Visitor: 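Sending over a structure as structure tokens; questions will come in a sec.
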Amino acid sequence: MSDWARQRFRAVLPEGDFDGVKLDVVPTADEQFGDYQCNAAMAVAKRVRLPPREVAQRLLADGALPDGVARAEIAGPGFINFHLDDAALARRLEAMQADPRIGVPTPGEGRTVILDYSSPNIAKPMHIGHIRSTVIGNALDRLHRYLGYRVIADNHLGDWGTQFGILILGYRRFLDADALAADPIAELERLYVKSYERSKEDEAWLNEARAELVKLQQGDAENLALWRRFVELSLGEFEKIYRRLDVRFDLHRGESFYNAQLPGVIERLRALGLAEESEGALVVKLDEENLPLCIVRKSDGGFNYTTTDLATVISRAEEFAPDAVIYVTDERQQLHFKQFFAVARRMGISTRLVHVWFGLMRLPEGTFSTRQGNVIKLERLLDEAEARALAIVKESSPGMDDAQQREVARAVGIGAVKYADLSQNPQSLVTFTWDKALALDGNSAPYLQYAHARIASVRDKYAEQFPGRDFRDAPIVLTEPVEKRLARRLVRFPGVVDRAAHAYKPNMLCEYLFDLAQIYSTFYQTVPFLKAEDDVRESRVRLCDLTARVLRQGLALLGIETPERI
Ligand code: ARG
């Protein structure tokens, strides 16, 4: 419908300049204003110096309407409300049903996006920021892949830097081999902290740590081997979490991968006349962008996070020619990305660069380690989620065998944790609570998984009671008001997937799915299904089947499984 509006505005106002004006048609938030609305007449009116209502009237002149729309009216200062035609809607739903992709197009075909997410630091536990990045980044990954993009998921590990001098020294002096075997990341962290504290009060220790770092940077075989060990041990631990969350990366290129390219970045900045000396450091001034100056080489000659990100984006642009690079991190890195993007632009990188940031989430007591405020024991959180989900499953499906109960509880528990994260506006501060995450009657994964299982079972009952019949053989007919409402929600699915991906907001998809499940539930309670007369029954089972498929696909795009039974 947006395409119709764009063409129509140009046709009826050929002189108009609509650059930068949003000519979209969007679903209405409130059904009493029709099914879709276009609010562009006001902005267009300014460009063409006509009253907005006049613009709206021209758009609709001679009975012009988008496909599938029965009527349209102009409201208030110039809002245009569209009402779908029921018969056309039914045909559209039938087409969605016949399509394995349920009507979702592939606008990303031929385009590449690089998704830089999760990206924890070696020898340290993942903190809540990395976990949210993992869950949100993975949903964006799935959404983009589904829309046809070639996605390169790259885990940009923090695997290089001055901390390795301190860690190597700590490892040489304080290692507890048993502790390392039991919990590698915890032991590496302990070694780091112990060595770091010592370096603060002991000058000789600090110098030794520096010497270890220099040796590592110069490629000393022993230190390199140690560093590799740290990386492997940490990655092994991270992998456990990724496996449980069903997260897969195409690349694991940590910061170290770009090490050799850092001096080249500095040379290029100098050659372009972008960098200057300031108090011994090399900086890029970003006055034009209204940003603080950006350090690209520290006064001790070392490179920093920005230098590495510059080298990384240059390398990515050359190797993959992506249409966009999307970075997912917590809100504390906003300034870093603004500065780094500004410098990259000036260096001639024209790839679209996007920073998707989110607020930090507050977690239940006890998932925080005591010493470091927001370091969470994710494994424990997931264990607890599965245990709590198991209690729910045992209650709802006492007859299910034990192994199956556990398998369902895994899907429900992990789903609950992911959904609690994804369903929030990423940029708001949220508190995680078990009650909300596992609520069977609220906006949660278990609620949607349960709804899906129940809806899908209608299909099975139909097959049982009407063997030899195929519900797809009868056309979809929309008669009851609640049936029409459900149909109108279903048909929005492809647009929601597109908007959620392109706005980088998985929560838009969550809202949609929750809303759909609620409307379905009213539908299910209000109209007869299997007891309805021939053909009406089939039409309703078709809506039911479509609802189940949309829920299943929608949840899959969020990385959430839908067990057949709960
Ligand atoms: N390792 C970083 C951190 O823990 C996140 C990296 C994000 N990606 C990037 N290209 N800067 O803060």
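Residues take their numbers from the sequence shown, with the count starting at 1. All heavy atoms count here, side chains included; hydrogens, waters and symmetry mates do not. For clarity, every value in this text was computed on a predicted model and none was experimentally measured. When a ligand or atom number is given, it counts from 1 through the structure's own listing order.
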Visitor: Taking 4.0 angstrom as the limit, do Asp246 and Arg142 come out as a salt bridge?
Guide: yes

Visitor: Could you pull out every protein residue that has a heavy atom closer than 4.0 Å to ligand 1, ordered by chain and then number?
Guide: Asp116, Ser119, Asn121, His130, His156, Tyr305, Asp309, Tyr327, Thr329, Gln333, Phe337

Visitor: Kindly confirm or rule out a cation-pi arrangement of Arg101 over Tyr146, judged by NZ or CZ under 6.0 Å from the six-membered ring centre and within 45° of its axis?
Guide: yes

Visitor: Mark yes or no for whether Ser234, through its side chain, and Val231, through its backbone, hold a donor-acceptor pair below 3.5 Å.
Guide: no

Visitor: Does a side-chain N-to-carboxylate-O contact under 4.0 Å join Lys215 and Glu212?
Guide: yes

Visitor: Salt-bridged, Asp309 to Arg316, with N to O below 4.0 Å?
Guide: no

Visitor: Taking side-chain contact (heavy atoms from CB on, under 4.5 Å) as the test, write out the residues that go with Leu272, two or more places apart.
Guide: Arg268, Leu274, Met347

